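Note that this is a predicted model, so its numbers are computed, not measured.
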Amino acid sequence: MQRIFIFLYSLFACILIMNPLTAIAPQDKQDVKNDLRILELLPNLLCPLAVDPGIPADFVALSPNGILDPHDLIYWGPKDVLKAYFKDPSSLKVPLIRVQLSACVAQTGPSSFHKIFMEYLKKLKQEDPKGFASIETQWGDYPVIAIRAITEGQLNFTAWVGLNDPEAGRTLVFDLVYPDKKGHPTKKDRQLWESLLTKTTQLQDGDYFKACGQDLQEGYTLVNVGGAKLKMLAEKRQSDGTLQVVVIPESSDVEFHYVDMMECEMGAKWKQGEPMVKVYGEIVFNDKNLKSATNYVTSIFFKTVQDFSFKKDDGKKFLIFQKICEKTD
């Protein structure tokens, strides 16, 4: 757990210099439809949750305003049920899951949350020792704390999940939404909640990296950082060991500001020891009236070639960087 947290810290910490970036060609665009379910359920998280959620197969993600924004409420449930619920909450007959980024609870370590939050939970237990219950668990490397508590006469089921974000300590907050009718929550309502907590598992191998925003393929990586998408290609020239990285954004709204690159080997169990290059820089996303910048490190499995596929003249169309690197562990 500590290793992952430190890895993510190194992913975001670097010093920046600036360079413009042109748009990606249509044939190089990433598919709109994701084959990883969590990317459909929770899109565009800067610190993604790389898990396979323990929820029914017919659950989809919708929001009342039609936009899946993790800063706002996102609901998981059957599509027809969600649409009916948004029109009339009293129509709900089956349980749902509600999720959003938490505005007040922070992760402070690989498996810990902020001290003030933990003290608040202790206070809830003291006020209602019979009605309050809590558990701490892990979804792989993601710490989870879930509670059951009665507030304002309502029985609530809530869980906070740390996203292993070393800068802001971001967490997601999940709630069980069940029918506001006599006899609820039923056994079926509770089973959905228990399944989410106990059957959610961390993704493995390439799926884990893809869910974290890096789809690593031979010779290139497809990057998705909070909706900012780029394709990054890497080659190593056999004659002199020079590395070349070509960066291509998917749209004119995306910029890349290059810092440095470093040759190394894959340290994870998946494809462990394979040669790769890490590219350090800043990804800027001009989304409508909002401009966001993220310090980022991209990993690419480079190809060894006799001659580079892209020439320096192509730099008028794409960003091209070259460096002779000494391999590091």
Side-chain angles (χ1 to χ4, degrees), residues 34 36-43 45 48-64 68 70 72-102 105 111 113 117 121 124-125 128-163 171-204 207-208 211:
N34 292 300
L36 292 181
R37 193 180 187 197
I38 192 63
L39 296 181
E40 297 289 338
L41 295 170
L42 280 173
L45 278 173
L49 181 66
V51 300
D52 182 18
I55 56 176
D58 64 340
F59 272 37
V60 300
L62 293 177
S63 69
L68 294 181
D72 203 352
L73 296 175
I74 295 176
Y75 290 80
W76 295 352
K79 189 173 184 179
D80 56 339
V81 174
L82 290 173
K83 288 185 174 181
Y85 174 73
F86 295 156
K87 292 180 180 179
D88 179 12
S90 66
S91 68
L92 188 63
K93 296 180 181 178
V94 296
L96 309 171
I97 298 295
R98 183 174 62 211
V99 58
Q100 69 178 136
L101 284 167
S102 175
V105 176
S111 58
F113 296 89
F117 169 65
L121 296 186
L124 287 179
K125 184 176 181 180
D128 186 11
K130 292 184 178 180
F132 180 87
S134 67
I135 61 168
E136 295 185 38
T137 185
Q138 297 274 149
W139 292 347
D141 295 303
Y142 299 97
V144 180
I145 185 164
I147 69 167
R148 181 198 68 204
I150 299 174
T151 56
E152 298 181 356
Q154 177 81 21
L155 183 59
N156 297 298
F157 298 83
T158 305
W160 292 265
V161 180
L163 293 175
T171 65
L172 288 168
V173 56
F174 291 81
D175 291 291
L176 176 67
V177 179
Y178 56 85
D180 187 15
K181 296 179 174 65
K182 185 178 180 180
H184 288 270
T186 63
K187 182 178 180 180
K188 184 178 180 180
D189 298 335
R190 294 171 184 263
Q191 284 177 341
L192 171 62
W193 186 245
E194 291 172 4
S195 179
L196 175 69
L197 294 180
T198 62
K199 295 183 179 180
T200 295
T201 57
Q202 182 173 302
L203 294 169
Q204 300 297 316
D207 286 344
Y208 172 81

- Does the side-chain contact (heavy atoms from CB on, under 4.5 Å) test come out yes or no for Y85 and V94, once each step is laid out? CA-CA 10 Å; Y85 174 73; V94 296; over 6 Å; no
- Message: Could you measure the distance from the OH atom of Y178 to the CG atom of L192? Nearest 0.5 Å is fine.
- Response: 13.0 Å
- Message: Within the structure provided, determine whether W193 and I97 are in side-chain contact (heavy-atom separation under 4.5 Å).
- Response: yes
- Task: Taking all non-hydrogen atoms of both residues into account, name the closest pair between F132 and L121 and its distance.
- Result: CZ-O, 3.7 Å
- Message: As an exercise, state the distance from CG of L101 to CG of L45, rounded to the nearest 0.5 Å.
- Response: 5.5 Å
- Shortest non-hydrogen contact from L176 toward L96: CD1-O, 3.6 Å
- Task: Using modelled atom types only, decide if a donor and an acceptor are shared between the side chain of K181 and the backbone of K93 within a distance under 3.5 Å.
- Result: no
- Query: Do F113 and E136 have side-chain heavy atoms sitting under 4.5 Å apart?
  - Reply: no
- Item | T200 versus P53, closest heavy-atom pair with distance | OG1-CA, 3.6 Å
- Query: Does F174 reach the side chain of V99, with side-chain heavy atoms less than 4.5 Å apart?
  - Reply: yes
- Task: Could you check E40 against V60 for side-chain contact (heavy atoms from CB on, under 4.5 Å), going step by step and ending with a plain yes or no?
- Result: CA-CA 8 Å; E40 297 289 338; V60 300; over 6 Å; no
- Item | Side-chain heavy-atom pair L163, L172 within 4.5 angstrom cut-off | yes
- Please assess K87 against K83 for the test side-chain contact (heavy atoms from CB on, under 4.5 Å), listing each intermediate value before the final yes or no. CA-CA 7 Å; K87 292 180 180 179; K83 288 185 174 181; 5.6 Å; no
- Query: Nearest heavy-atom pair of V105 and S102: which atoms, and what distance?
  - Reply: N-OG, 3.1 Å
- Item | Student check: side-chain heavy atoms of L41 and I55 closer than 4.5 Å | yes
- Message: With heavy-atom distances below 4.5 Å as the criterion, would you say the side chains of F157 and D189 are in contact?
- Response: no
- Message: Could you tell me if the side chain of L155 sits less than 4.5 Å from the side chain of R148, heavy atoms only?
- Response: yes
- Sidechain-backbone polar pair: S195 side chain, Q191 backbone, donor-acceptor under 3.5 Å: no
- Query: Looking at side-chain heavy atoms only, is the closest gap between N156 and D175 below 4.5 Å?
  - Reply: no
- d(I147 CD1, K125 NZ) to nearest 0.5 Å is 12.5 Å
- Non-hydrogen atoms of G140 and Q138 that approach each other most closely: O-NE2, 3.2 Å
- Message: Can you confirm whether more than 12 heavy atoms, excluding those of D58, are under 6.0 Å from its CG atom?
- Response: yes
- Minimal heavy-atom distance between L49 and L42, with the atoms involved, is CD2-CD1, 4.3 Å
- Message: When you measure from the side chain of S63 to the backbone of I74, do you find a donor-acceptor pair of N or O atoms at a distance under 3.5 Å?
- Response: no
- Reported CG-to-CD distance for the pair D52 and Q204, which is rounded to 0.5 angstrom: 10.5 Å
- Message: Keeping W139 on the side-chain end and L197 on the backbone end, is there a donor-acceptor pair under 3.5 Å?
- Response: yes
- Message: Tell me whether Y142 contacts the main-chain N or O of A50 through its side chain, where contact means a donor paired with an acceptor under 3.5 Å.
- Response: yes
